[in-house]
Structure formats: structure tokens, C-alpha cells
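Throughout, a chain's letter reflects where its sequence line sits, starting with A, and its residues are numbered from 1.
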Amino acid sequence: MTRFRWLSSDDWVPMTTHRWPHQSTKLVWLALLLLVLAAAVAQRPAAAALRVVSMNPSLTRMLIALDAQKTLVGVDEFSAQTEPAIAHLPRVGGLFNPSLEAVVALQPDVVVVVPSVAQRDFRDRLRQFGIDVLELPNITLDQVLDSIRELGARIDRVGVAKTRVAEIRRAFRDMGRHAGEGKRPSAILVLQRDPLYVAGAGSFLDEMLRAAGVENAAGRFSDPYPRVGIEWLIAAAPDIIIDSAKDPVPAALHWSRWPSIPAVADSRVYAVPAGNVTLPGPYLDRSLRILFDAIYPSAQTPAVDPSALP
Amino acid sequence: MKPLTAARTLSVLFVLFAVAVAAAAIGLVAGPSGLGWGEIVSVLAGEADPGPASDIVLRVRLPRVILGALVGASLAVAGVLFQALLRNPLADPYVLGVSGGAALGAIAVLSLGSAIGLGYAAVPPAAFAGALATTGLLYAISGVQGRVSATGLLLTGVVFNAFASAAIVFLASVAGLTEGTSIFLWLIGSLSAGRLEVAGWVAGFLALGLAVAMPLARGLNLSALGEEAAQQLGVDIDRQRRIVLGAASLMVGAAVSVAGLIGFVGLIIPHLLRLLVGPDHRLLIPAAALGGAAFLVVCDAVARTLLDGRELPVGAITALAGGPLFLWLLRRHHHRAFGS
């Protein structure tokens, strides 16, 4: 019964037995106590009270970019793989297998997710536990920017979020000017080679291609990320292929099998790092510049070293 | 059903061959890029200059038609052989777990391969290795005491398939998002990786399978009477079972390793042709080869064209088209046999 020993009345000391020796000493002690308390409150970081779990790498990167890394108490598997800075945090599963128990155990104030059918039940269950679930879509450019703003508002980083969004907007405007006038070359942004997935209309990547001064040859597909056949790609005859597929075979070598595609014939197949360009995250301005530099190797734009990206 | 004569065999096979040729023509003409007949014919005749049209016809559509025909034929023949071997109408090329082994090999590479520098090119060899290992397992486990029993085979296959599915689910849950998509699509089956190099590989095993199975056709017919009856009529059931198991497993392994788990072809085409040409394996085996080839080539043409540029997994089409087609034929057959 030792576990319940603290319940026994022997442990209670009646308050009345305490007597302060002098009234003035009592006041000094009280003042000191108040001082210590006040110092503790002042030093406590404002956001420390908020505990956030991120279920998506793009949202995780946004949180880090908004200087709110300390609020993160748990992340999904893919975030842990793509963001070394938070790889030590507890992991709570992936898109298809999120662990309700792991999230609830972390006692978060808010769980940030990208809305998906795969996690519908998961979101409902979290809400039943009284946990705030913030759904932030990331298909179109406007959605990504709104997500940055909304996330900023929720974690008390309104100013940083506003600056980030403004910088992305400015990059899209500036790049449009750099890209110049005249007939735009057609391009295809390859996300995966086999099966073949490309960026279609309606995704932020489509808007990035347009800002970089090219016509998205897959813009006729309303899906953001359609699966297409190689025959369609050959017939579409793009002037440029931008390949962001994760594959050990280099892009130029892979596409050299199809010399009748203008992009291959003119050696305009460009490889871009997937994580930095195709992630709908907080650095779309830099992603856009990487894309632009890949498309126009000789153009004079502010250079960005892809490896320098967070 | 009329008795099998040389004339009837030849005429049935000729008709099915014509159907397969028509299917190949559909496969060459259908596609999202809208090439005209004239262009296609001039490319095939070797009169066209190298360019998009010749790339599309000779390097996209033709390899897919050839690969589709070979995979369809392999799956349908393997289906006939497994149904005869196990004397079970529900048997299909995947029932004995060969597909599970192949899938496990392929998905191990798809989910973990990028971490160790293996690309998509490593998937077919890994799948075939998985199929071979499973075939070895089938022989080792069900062949104890020198006999390969049908029940033993079936149980081993079902249990191994369950094990493989569990392992695949495990691998899929630790894989990344893009790898997950590849796994999902591989499991439905697709001919999009079709290249002539891999077609030769499937053709070799199909030829081997047919060469081994055709001489056993009479024995397989007798086995339908029951094992004891067949043995009394001079069939070495055990030897036949070992040979058929090996031949069918190799065909399935080769087909699955290049095209993933395309369903329904190996189950429906054998039954469909049994309804049309009768149960005699001397005709049924080559008929299934031609019928399976034609069916898969047409399904693949639909998968490539239906969504105008976007591609569907052919396995979805075979299931959607094959199921109703089979039920319609079964109903018609019943009407004919029993009246309505």
C-alpha cells in the first residue's frame, strides 16, 4: 500500500503550526518569491506553451522556416527523412499509417495536416480527443501561400509568415519579367519516370513553370499530377524536359532513348533536385530560381546553390 | 461438343490466330497521339524517316503489343495448366504463390531499392528470382515422400500467398510516398515498361512451357477422370505433375516479372475457351495461348487510349472487361445446354 501512503493523514502538516518569526522577514521573503516568479514568466518563450505535431514534410519545412522548430513535438516519417534538423523528434507514422496513439501521447495542442482522404478518420479521431487539427492544402500556389499565412497565425509568427509570402510573390513577379516576351518553349516537369507522372494544370508546379517562362505541355490535364503514357509525351514533343525523378540513372541518359523528342535532340533535358523543387514548401521563391536557372543556364539571375537550401 | 479432329483443330486455331492478328492491328492503331493508318503502314514498311511517328509505332506500340501478347499467352496457358494440375476450376496462375514470390521480390526492390542504388531496371530480375524461389519451395514442401500432392501444393500456395501479402503490406508501409505509388501500380499490373529486350525473355519461357505442356495434353485429359483412373490408363501422374508445375511456374514467373500482377487473364481465358472450343487440352492449350494474347493486347490498347494521354493500369481493364464477358458467356452456355 506504499503507493497510497501520501493519502494518509500522517503526512499532512497543519498550516497553523507554521509561524513566521517576524512580520518584516515575511514580507522580504514574499517579495523575493514574487521576483523569482516574475523572472521565470519573463524568460519563458512565448511559443513554448504550444505543442505542434506535423503530419507532412511541406508543413514541417514551413514550421522550421517560420522559426517555430521548437514548437514541434512530433513529425511524420517522411518529414523525419527529409528534414535532418528534426530527425530526432518522435515519429508518428506516415500518410497511410498515422499512429493515433503516438500523436495523442505527445499531448499536442495542434496537429497540422494536408487534407487527404487517407487521413480522414485519423483527423476525426484526433478532434474527438479534443486536439485541434489544422488542415492546410498545398496543391495550388495560392493554397501553399495561404497555408504559410494560416500556419504563421496559428503559431504566433504572423510577421515571419507575411515576409516569406511576400518574398515568394516577388520572386514569381520578377521571374516573369526575366523570362521575357516572345514565344514560350514548351516543357514537361517529370515527377516519376516509371510509372510516368508529370505536373499537370492546377498544381503549384504548373504556376512555377509559367513563371519561369515556359508553357506546361501537360497543362491540358486538369489533374495536378497526372499519370501519362510515354506515347503521349513523344507526341507532345516538349522543347524542354525537367526531370525531378529520384532514380540512380541520370536524367539525360534515361531520356536519350527517345531522340525524336525535341528536348532530347537539343540537349535540353535538365535534372533538378526533387526535394527542393517539387515540395510545396516555404521556399518556392528559391525553387523557382533553381527551375529558372535549369531552363536558362546562361541567364543572369541571382544564383542559388541547391545544396544551400534547408 | 464435337470430337476433336485435325480439321477442327486447325480451323479453330486459324480463327483464333486471325483474332490475335486483328487484336495486334488494334494495338498498333490505337493510341493517344492519333497517328493515321497511312503513317502507321509507312512506318511498318520501313518507308518513314526516324521521328516521333516511327518512335511511337516501332518503339512504344509494337513492343507493347508483342509483350502484351506474350504475357497474355503465358498467363492463359499457365491458367489452363494449373486448373488441370489441381483439378480445380478456381485455380489461376497466381494460386500457387509463384506470383506472391515474384511480387515480394519486385516490391522489395521498389520500396528499398533506391536506398541501395537500385533503380526500376532491377525490378524484373528480382521478381523472377522471387518466382523461382517460390517454385523451389513448392517442390521442397509439397514433394515430401517423393510425391507431389495436389492438396499439398494448394495449401502451400495459399499459405505462401498470405505470407507474401503480409510482407508486401509491411514493405509498403515503410516505403515512401512515390515508392508506395509504384508498389500499388505494380500490384495491379501494367505493360508500360514494355521493351523488346524483356519480350524475348518472356517468349523463351512461353516457348519452353508450350513445348513441355503439349506432349502432356493427352495425359491432362485423362487426369480429368480422376487420379486413379488416369493411372490405370497409364499416366504417370506424379511425373506429369512435377513437369507441369515447373513449366507453368516458369511461364508465370517470367510474365509477372515484366508486367506485374495482371489479373483475370489466367482465370477467365481458360474457362472462356473451354466453353468455346471444349475441354480437350490438345486444342485448349494452343487456343488459350492465342486467346490470352488477343485479350491482353486489346485490353492494353484500351488502357492506353481510354483517358486520352493519361494511362490506366491494364490490370484494371482486364478485370473490368473480363468479369462481365465471362458471366455473359457462362449464361449463354447454360441457356444452350439446358434451355431457358
Side-chain angles (χ1 to χ4, degrees), chain A residues 56-58 76-78 80-82 91 93-99 114 116 118 191-198 200 217-218 220-223 225-238 244-250 253-254 257-262 264-265 274-275 278-279, chain B residues 30-35 49-61 63-64 110 113-123 169-170 172-186 188 190-195 260 300 303-313:
Chain A
N56 188 286
S58 71
D76 67 301
E77 289 291 339
F78 303 140
Q81 285 162 18
T82 51
R91 301 176 188 193
L95 175 65
F96 298 106
N97 53 357
S99 167
V114 170
S116 72
L191 303 168
Q192 201 177 340
R193 292 178 198 162
D194 219 336
L196 186 55
Y197 279 92
V198 299
R220 56 183 289 237
F221 298 112
S222 54
D223 292 9
Y225 308 111
R227 182 191 172 198
V228 298
I230 184 72
E231 174 172 337
W232 170 81
L233 199 148
I234 294 170
S244 69
K246 267 195 295 180
D247 199 293
V249 180
L253 182 64
H254 172 81
R257 294 178 58 220
W258 308 106
S260 68
I261 300 175
V264 179
T278 57
L279 187 87
Chain B
S33 54
L35 293 176
D49 297 326
S54 92
D55 261 1
I56 286 170
V57 175
L58 297 179
R59 299 183 58 211
V60 178
R61 292 186 189 173
R64 274 183 87 142
L110 285 173
S114 57
I116 49 170
L118 287 177
Y120 203 83
V123 171
V169 169
F170 174 79
S173 24
V174 297
L177 201 54
T178 43
E179 289 86 355
T181 321
S182 301
I183 290 172
F184 170 70
L185 288 171
W186 194 91
I188 302 177
S190 163
L191 294 168
S192 67
R195 294 181 195 178
D300 187 50
R304 281 184 288 131
T305 15
L306 198 64
L307 289 186
D308 186 30
R310 280 181 301 164
E311 193 149 320
L312 282 167

| request: Could you grab the distance from atom CG of A/Asp194 to atom CG of A/Leu196, nearest 0.5 Å is fine? | output: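 A/Asp194 atom CG to A/Leu196 atom CG measures 8.0 Å (nearest 0.5 Å).
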
| To the nearest 0.5 Å, how far apart are CZ in A/Arg227 and CD in B/Glu311? |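 With rounding to 0.5 Å, CZ (A/Arg227) is 5.0 Å from CD (B/Glu311).
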
Side chain / backbone / both / neither for [X] at chain B, heavy atoms under 4.5 Å:
X        : value
A/Gln192 : side chain
A/Arg193 : neither
A/Pro262 : neither

| field | Largest heavy-atom contact set with chain A, pairs under 4.5 Å, which of B/Leu312, B/Asp55, B/Leu35, B/Leu307 | value |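 Looking at each option in turn, the highest pair count goes to B/Asp55.
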
| request: Please determine, among B/Ser33, B/Pro313, B/Ser54, the option with the most heavy-atom pairs under 4.5 Å with chain A. | output: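 Top option by heavy-atom pairs under 4.5 Å: B/Ser33.
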
| How far apart are the C-alpha atoms of B/Asp300 and B/Arg64, what are their side-chain angles, what is the distance that settles it, and do they pass the side-chain contact (heavy atoms from CB on, under 4.5 Å) test? | CA-CA 8 Å; B/Asp300 187 50; B/Arg64 274 183 87 142; 2.8 Å; yes

| task | Report the option among A/Asp223, A/Val198, A/Ile230 that has the most heavy-atom pairs separated by less than 4.5 Å from atoms of chain B. | result |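 Top count of heavy-atom pairs under 4.5 Å with chain B: A/Asp223.
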
| request: With a 4.5 Å cut-off on heavy-atom pairs, point out which of A/Tyr197, A/Trp258, A/Trp232 contacts chain B the most. | output: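 Of A/Tyr197, A/Trp258, A/Trp232, A/Trp258 has the most heavy-atom pairs under 4.5 Å with chain B.
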
| query | Given side chains that start at C-beta, do those of A/Pro98 and A/Asp76 come closer than 4.5 Å, heavy atoms only? | reply |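 A side-chain contact under 4.5 Å is absent here.
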
| Engaged part of B/Pro32 at the chain A interface, taking heavy atoms whose separation is under 4.5 Å |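 Both backbone and side chain of B/Pro32 come within 4.5 Å of chain A.
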
| field | Donor-acceptor under 3.5 Å (B/Arg304 side chain, A/Gly229 main chain) | value |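 Absent.
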
| message | For a side-chain contact (heavy atoms from CB on, under 4.5 Å) check, start with the C-alpha distance between A/Ile234 and A/Ser260, then their side-chain angles and the critical distance, and finish with the verdict. | response | CA-CA 7 Å; A/Ile234 294 170; A/Ser260 68; 3.9 Å; yes

